[in-house]
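Have a look at the structure below before the remarks.
The chain is numbered in sequence order, starting from 1.
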Amino acid sequence: MKLLDVPGRTILPRMVSHSELRKLFCSADAVCFDVDSTVIREEGIDELAKFCGVEDAVSEMTRRAMGGAVPFKAALTERLALIQPSREQVQRLIAEHPPHLTPGIRELVSRLQERNVQVFLISGGFRSIVEHVASKLNIPSTNVFANRLKFYFNGEYAGFDEMQPTAESGGKGKVIKLLKEKFHFKKIIMIGDGATDMEACPPAVGCFHWIWRKCDQTTSKRQR
C-alpha cells in the first residue's frame, strides 16, 4: 500500500513497509474504506450507466470527476441526470451483476474485526449497492455512509439525497469527524484511491492508496 500523509493539505505519497503498515493498523481505533475501485473492483456508477445503456457518456464524466476537476456534487448530479436509473434497474443490477470484491479485502476486514477494530464503508456511491457489499463483509449497515437515491412512487428516478455528507466534496472528512466525536476514536485510517479520500486526511491520521493485483498486473486506480 501507499500512504498519503496530508499535513494541512500537502500530499506526500510514499510506500509503506509491511511492518509499518501492521503497526498502523494495530494501533487504529477504526478503519474507513472507500468502496468503488477499492473494496470492489468496479466503479458503481459506471456499472449502473452500462446497465442503463449510457456507459460511454457517463464514463467520461467519471474520469473528470475522479481527478477532482469537477466538484463532486455537480459531477454526481450531471451523471445521474443522464442515467435516470429506476428503482427496478438498481435492484436488477445488484441481482444480475453483483459487484466483485477486490482480492484480499475480505481477509483484511476479517482480521481487523478479529482485533475489535471498527470498520466503516464511506462512499460517494449508492447506499443500496454499498449495503450489499457490506453484507458480504459482515459490516453492519449502521457502519455504512453513502448516497441515497430517491424514487417516485412508480419507481422512476427522482434525484438523490443532497443532504448526505458523501454527496459533496470533503464529505468523507465530515463523516470521519462525526465518527471521532461520536465514538471518541483517537486514530482513524482512511483507505481509498482518489481525491475525495485524500480530502479525509485530516481528520483521519493517514490515507492509504489501495492497490490490487489482477491478471498478474498491478493496477493502481486513478483518483476519484
Side-chain angles (χ1 to χ4, degrees), residues 1-6 13 16 21-22 24-47 66 72 94 98-147 164-167 169-180 182-183 185 187-214 219-224:
M1 282 188 184
K2 182 184 292 183
L3 176 62
L4 299 175
D5 293 315
V6 189
V16 179
L21 185 64
R22 180 185 294 273
L24 284 165
F25 275 130
C26 288
S27 63
D29 301 305
V31 177
C32 300
F33 289 88
D34 172 40
V35 177
D36 293 337
S37 296
T38 299
V39 171
I40 63 174
R41 301 182 185 189
E42 301 86 358
E43 287 287 330
I45 195 165
D46 287 349
E47 293 302 305
M66 286 167 71
F72 184 81
I94 296 170
H100 299 87
L101 296 177
T102 57
I105 195 67
R106 190 189 300 273
E107 293 78 10
L108 175 56
V109 170
S110 179
R111 290 292 295 273
L112 290 170
Q113 292 169 332
E114 288 173 1
R115 292 178 173 274
N116 294 317
V117 176
Q118 288 289 313
V119 177
F120 297 87
L121 300 182
I122 307 178
S123 174
F126 309 125
R127 189 173 183 91
S128 51
I129 297 175
V130 176
E131 284 187 339
H132 174 82
V133 174
S135 70
K136 301 299 182 183
L137 297 171
N138 296 316
I139 297 173
S141 60
T142 52
N143 285 22
V144 170
F145 296 85
N147 292 315
Q164 295 294 316
T166 50
S169 299
K172 292 180 181 179
K174 292 179 181 179
V175 172
I176 291 176
K177 182 179 179 182
L178 174 67
L179 293 175
K180 293 181 78 170
K182 182 176 181 180
F183 297 106
F185 293 139
K187 182 180 288 187
I188 297 180
I189 292 172
M190 181 74 205
I191 299 178
D193 73 314
T196 59
D197 304 303
M198 288 183 277
E199 290 173 350
C201 305
V205 297
C207 180
F208 292 87
H209 183 94
W210 180 259
I211 299 173
W212 58 280
R213 188 173 296 274
K214 181 180 181 182
T219 305
S220 177
K221 276 75 62 193
R222 298 164 294 180
Q223 288 186 347
R224 181 173 62 267

Exercise: identify the closest heavy-atom pair between M190 and I176
SD-CD1, 4.0 Å

Side chain R106, main chain K136, donor-acceptor under 3.5 Å
yes

Ignoring hydrogens and geometry, is there a side-chain-to-backbone donor-acceptor pair from N147 to A167 under 3.5 Å?
yes

Quick one: pull up CZ in F33 and CD1 in I191 and give me the separation to the nearest 0.5 Å.
4.0 Å

To the nearest 0.5 Å, atom CD of E114 lies from atom CZ of R111 at 6.5 Å

If I take atom SG from residue C32 and atom CG from residue L179, how far apart are they, to the nearest 0.5 angstrom?
5.5 Å

Would you mind reporting whether I139 and V109 have side-chain heavy atoms less than 4.5 Å apart?
yes

To the nearest 0.5 Å, tell me how far K172 NZ sits from F72 CZ.
7.0 Å

So how far is it from H100 NE2 to E42 CD, rounded to the nearest 0.5 Å?
6.0 Å

Please list every donor-acceptor pair under 3.5 Å in which a side-chain atom of residues 116-135 meets a protein atom from a residue at least two apart or in another chain.
unit_1, atom_1, unit_2, atom_2, d
Q118, OE1, N143, ND2, 3.4
S123, OG, G125, N, 2.7
R127, NE, E131, OE2, 2.8
R127, NH1, V144, O, 2.7
R127, NH2, E131, OE2, 3.2
R127, NH2, S141, O, 2.8
S135, OG, H132, O, 2.6

So, using side-chain contact (heavy atoms from CB on, under 4.5 Å) as the criterion, who are the partners of E107 when residues are at least two apart?
none

Restricting to pairs with a member in residues 137-147, which pass salt bridge (charged side-chain N to carboxylate O under 4.0 Å, His left out), not counting sequence neighbours?
none

Say you draw a straight line from CG of L101 to CD1 of I40; how long is it, rounded to the nearest 0.5 Å?
8.5 Å

Heavy-atom check, side chain of V39 versus side chain of L137, under 4.5 Å:
yes

Just to verify, what does E47 make a side chain to side chain donor-acceptor pair (under 3.5 Å) with, not counting sequence neighbours?
none

